[in-house]
Amino acid sequence: MGVTIGMLYPGFGAEDDYPYLEEILGEGVSLPLVHTSVGVDAHEVEALLDLGRSERLLEGAQELRTAAPDAVMWACTSGSFVFGWDGARQQAREVQDALQVPTSSTSLAFVDAIRALGVGRVAVAATYPEEVSRHFVDLLGHGGIDVTQLVSHDIATAALAGELDRGCVLELARSNDSPEAQAVLIPDTALHTARWINDLEETLGKPVLTANQVTVWQGLRLAGALRPCAALGHLFAETAGLPAGA
């Protein structure tokens, strides 16, 4: 039986990760993607609050309706965590109420993925400026997760993040391989990472969670359709048996 996870993705950056993820997850997984509108492409708090406002998400949700999704993801980290824990949950609830299917976001997916792996201490290798990255650390803390180290790379826009190649992504991960951390997080859906999860984990010797990876994982989890995938690292290998909502 097939499963459809609808993706609300802001603007353009690494949206081609999703057809790749659809392909490697195998027959029966569909990841239709709607590009939500963007005001100013900037890794700045005010711009990100505008990016994630209700009108933009609900407009995109209506476009997804024809795909009849089993679950929906707001595929954006910074455009959810800048709203804080309660605000990120409210974003998801509004889309869920509109479409009547389980809904979450990339920020909340990171928290659930870390918990599913039984990890408590993480390092964050962020593309964002420090001011923005701190909001992600705060959200993780609200979820009971200890950030042992944060490195912010001060990339100004999603478009620029989307231009980073494999070597740059590996270097970004290595920049924050905190010895105390049990996993490393790379929280930007505009950053290409899906093809390099195993490379990242082999380089660091520990689980690596990236934005587009956890977004798809969360959608499948909500739909009760998690499955193992050898190309997607520890997260998909160790949690594939979780029941829906676990």
Side-chain angles (χ1 to χ4, degrees), residues 5-18 21 31-64 69 71-96 98-99 102-113 124-129 131-140 143 152-153 155-162 164 185-194 209-219 222:
I5 311 300
M7 299 292 166
L8 297 174
Y9 187 93
F12 297 83
E15 68 277 1
D16 52 318
D17 269 5
Y18 289 91
L21 288 162
L31 305 175
L33 184 147
V34 167
H35 293 278
T36 59
S37 62
V38 176
V40 177
D41 178 14
H43 285 158
E44 299 172 357
V45 172
E46 289 304 316
L48 294 168
L49 289 169
D50 176 66
L51 179 76
R53 60 187 171 90
S54 297
E55 293 86 351
R56 297 190 191 279
L57 270 64
L58 293 175
E59 180 182 33
Q62 291 309 314
E63 290 188 52
L64 269 178
V72 170
M73 292 297 299
W74 167 222
C76 184
T77 326
S78 56
S80 48
F81 67 62
V82 292
F83 288 83
W85 179 260
D86 292 336
R89 291 166 64 85
Q90 177 63 24
Q91 279 182 328
R93 278 195 298 270
E94 289 180 0
V95 175
Q96 181 167 303
L99 296 182
T103 301
S104 187
S105 69
T106 307
S107 291
L108 299 175
F110 269 110
V111 173
D112 289 334
V124 176
T127 55
Y128 321 112
E131 179 188 10
V132 173
S133 302
R134 284 290 169 192
H135 288 269
F136 186 49
V137 173
D138 289 346
L139 182 135
L140 293 173
S152 297
H153 284 265
I155 297 174
T157 69
L160 289 172
L164 298 186
L185 315 186
I186 305 177
D188 191 344
T189 58
L191 190 69
H192 290 93
T193 57
L209 301 181
T210 75
N212 293 326
Q213 170 208 34
V214 302
T215 298
V216 172
W217 175 87
Q218 180 85 316
L222 292 176

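All residue numbers in this chain count up from 1 along the given sequence.
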Checklist line | All side-chain hydrogen bond (donor to acceptor under 3.5 Å, both in side chains) counterparts of Q213, not counting sequence neighbours | finding: none
Check: Got a sec, which residues hit side chain to side chain contact (heavy atoms under 4.5 Å, CB included) with L57, two or more places apart in sequence or on another chain?
Finding: W74, Q91, V95
Margin query: So does V216 get a backbone contact from the side chain of Q218, meaning a donor-acceptor N/O pair under 3.5 Å?
Written below: no
Notebook entry, point to check: Between L139 and F110, is any pair of side-chain heavy atoms under 4.5 Å apart?
Noted result: no
Item checked: Intermediate values then yes/no, side-chain contact (heavy atoms from CB on, under 4.5 Å), L21 and T215 -> CA-CA 11 Å; L21 288 162; T215 298; over 6 Å; no
Can I get a per-line list of side-chain donor-acceptor pairs under 3.5 Å for residues 78-89, giving both atom names and the distance, sequence neighbours left out?
{"unit_1": "S80", "atom_1": "OG", "unit_2": "C76", "atom_2": "O", "d": "2.8"}
{"unit_1": "S80", "atom_1": "OG", "unit_2": "T77", "atom_2": "O", "d": "2.8"}
{"unit_1": "S80", "atom_1": "OG", "unit_2": "S107", "atom_2": "OG", "d": "2.7"}
{"unit_1": "W85", "atom_1": "NE1", "unit_2": "H142", "atom_2": "NE2", "d": "3.4"}

Check: How long is the gap from OG1 on T106 to CE on M7, to the nearest 0.5 Å?
Finding: 8.0 Å
Checklist line | Partner residues of D16 under the side-chain hydrogen bond (donor to acceptor under 3.5 Å, both in side chains) criterion, sequence neighbours left out | finding: H192
Notebook entry, point to check: Just how far is it from atom CG of L51 to atom OG1 of T36, taken to the nearest 0.5 Å?
Noted result: 6.0 Å
Check: Sequence neighbours excluded, which residues qualify as side-chain hydrogen bond (donor to acceptor under 3.5 Å, both in side chains) partners of T189?
Finding: none
Next item on the list: For Q90, check side chain to side chain contact (heavy atoms under 4.5 Å, CB included) against everything at least two apart and list the hits.
Entry: R93, E94
Check: Which pairs count as salt bridge (Lys or Arg N to Asp or Glu O under 4.0 Å) when at least one residue sits in residues 47-59, sequence neighbours excluded?
Finding: D50-R53, D50-R56, R53-E55
Notebook entry, point to check: Side chain of H35, backbone of P10: donor and acceptor closer than 3.5 Å?
Noted result: no
Checklist line | Stepwise side-chain contact (heavy atoms from CB on, under 4.5 Å) check, S104 with L222 | finding: CA-CA 8 Å; S104 187; L222 292 176; 3.7 Å; yes
Next item on the list: For L185 and F136, run side-chain contact (heavy atoms from CB on, under 4.5 Å): C-alpha distance rounded to whole Å, both residues' side-chain angles, the deciding distance at 0.1 Å, then the answer.
Entry: CA-CA 11 Å; L185 315 186; F136 186 49; 4.1 Å; yes
Next item on the list: Mind checking the OH-CG spacing from Y9 to N212? Nearest 0.5 Å is all I need.
Entry: 5.5 Å
Margin query: My understanding is that only residues two or more places apart in sequence, or in another chain, count here; which of them pass side-chain hydrogen bond (donor to acceptor under 3.5 Å, both in side chains) with T193?
Written below: T210
Check: Counting only heavy atoms not in Q62, do more than 12 fall under 6.0 Å of its CD?
Finding: yes
